[in-house]
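So you know, we letter chains A, B, ... as the sequences are listed, proteins then strands, and number each from 1. Quantities reported herein were computed from a predicted structural model and do not represent experimental measurements.
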Protein chains: 2
Amino acid sequence: MSTGPRTQLLAILACAELSAVERLAEDATAAPSLADKVAVLSFARVQLDHYQLLADQIVADGVDPIVAMEPFSGPLAEFHAHTTPRTWEERMIKIYVGDALAADLYTELSSVLPAPLAELIRTVADDSDQREFARARVVAAVDAEPQLSGRLALWARRLVGEALSQAQRIVSDNDHLAELLTGTEESTGLDLAATAEMFTRLIQRHNERMAKVGLRP
Amino acid sequence: MSTGPRTQLLAILACAELSAVERLAEDATAAPSLADKVAVLSFARVQLDHYQLLADQIVADGVDPIVAMEPFSGPLAEFHAHTTPRTWEERMIKIYVGDALAADLYTELSSVLPAPLAELIRTVADDSDQREFARARVVAAVDAEPQLSGRLALWARRLVGEALSQAQRIVSDNDHLAELLTGTEESTGLDLAATAEMFTRLIQRHNERMAKVGLRP
């Protein structure tokens, strides 16, 4: 059973969805109200549906999703272990920053992938309800307590740093993913310069999002 | 906005489903393998679907599910706070014992409820995949380490004790539920003797389940 670049990419995304579900369930337990708990668990349900879409495609590739995801569960668990929120506001920043960053990354990748895969990836990247919920909570928290903004801005920078460092580790540990980025027979890929430009765009958009909720990038 | 007995019962079940999702997500995080994690999260997805069925019915009663669930979230959170598993085996016992007990209770209740509600309750009580998964894990754990059985049997007794004590608290704090048990205009209900018999049957079935996995009731 060999896993090609397509399967590897699907497996990372599937593993990230599961990891998001676990994190959202923790957020639900820490939620300040039952309404927040219900909202957050409804986002978990969306992520579980996305997981299923991805797992079905891995099965269609003839690979057991568990086997395919195994190499990625470590780095993802490590990312979450290094970025455990201490407050509800930190949880909301993690959703707002993390999901948007992931969605931007997936959208960038989908531009160099074959059409059906690109479309699936755009579908699972669409967590706009969840992001909007978290954005509104962050804005309300900073409005109510402006001195929070320094700590939350620092937290957001730490999240981005950890995310990029684990992403780099995942790509360098998995040959096929590097291939996906630099081109395969099915797609032209991104050369090194294009990859650097892509990361610049990701950071740029992240900074714009920070400014939008009144936090210093 | 007044909540009748039907809405109260739906709200308890809905709140219990949400609480089960949170607990399953914790189990997923503690899972000894990625396969166990995926299995447990797939059970969480089933519970979220059950929650949605119940919430839709609460909305059909003209009540906001959040408002309806509010009185029950405390006792359920307290039940889980008093029964936090320390090991994977304790988690599996909690699923095996707790879900089966809840399912038996729901089935008993559905016998005195009007048909459409009874059917919905039988649907949300059907967690047989999850229960079978947990049962197999308990059996394997006790086979591998027979000296576990004393501790797990004690744990199971504590779970049942806590569950019955919170159930009693919920019924006595909510008039409409007592009404449901003792009869409403729509149903004949259970008189006190019948209620006592019902609890005897629940404990009897629990004891049989314990014996089935080789644990002393």
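- The interface of residues 17-35 of chain A with chain B, defined by heavy-atom distances below 4.5 Å, comprises Leu18(A), Val21(A), Glu22(A), Ala25(A), Glu26(A), Ala28(A), Thr29(A), Leu34(A), Ala35(A).
- In this structure the side chain of Lys37(B) never reaches within 4.5 angstrom of the side chain of Ile66(A), judged on heavy atoms.
- The number of heavy-atom neighbours closer than 6.0 Å to CD of Glu132(A), taken from other residues, nucleotides and ligands shown, is above 12.
- Annotation: residues 71-97 of chain A contacts chain B through Ser73(A) [non-hydrogen atoms, separation under 4.5 Å].
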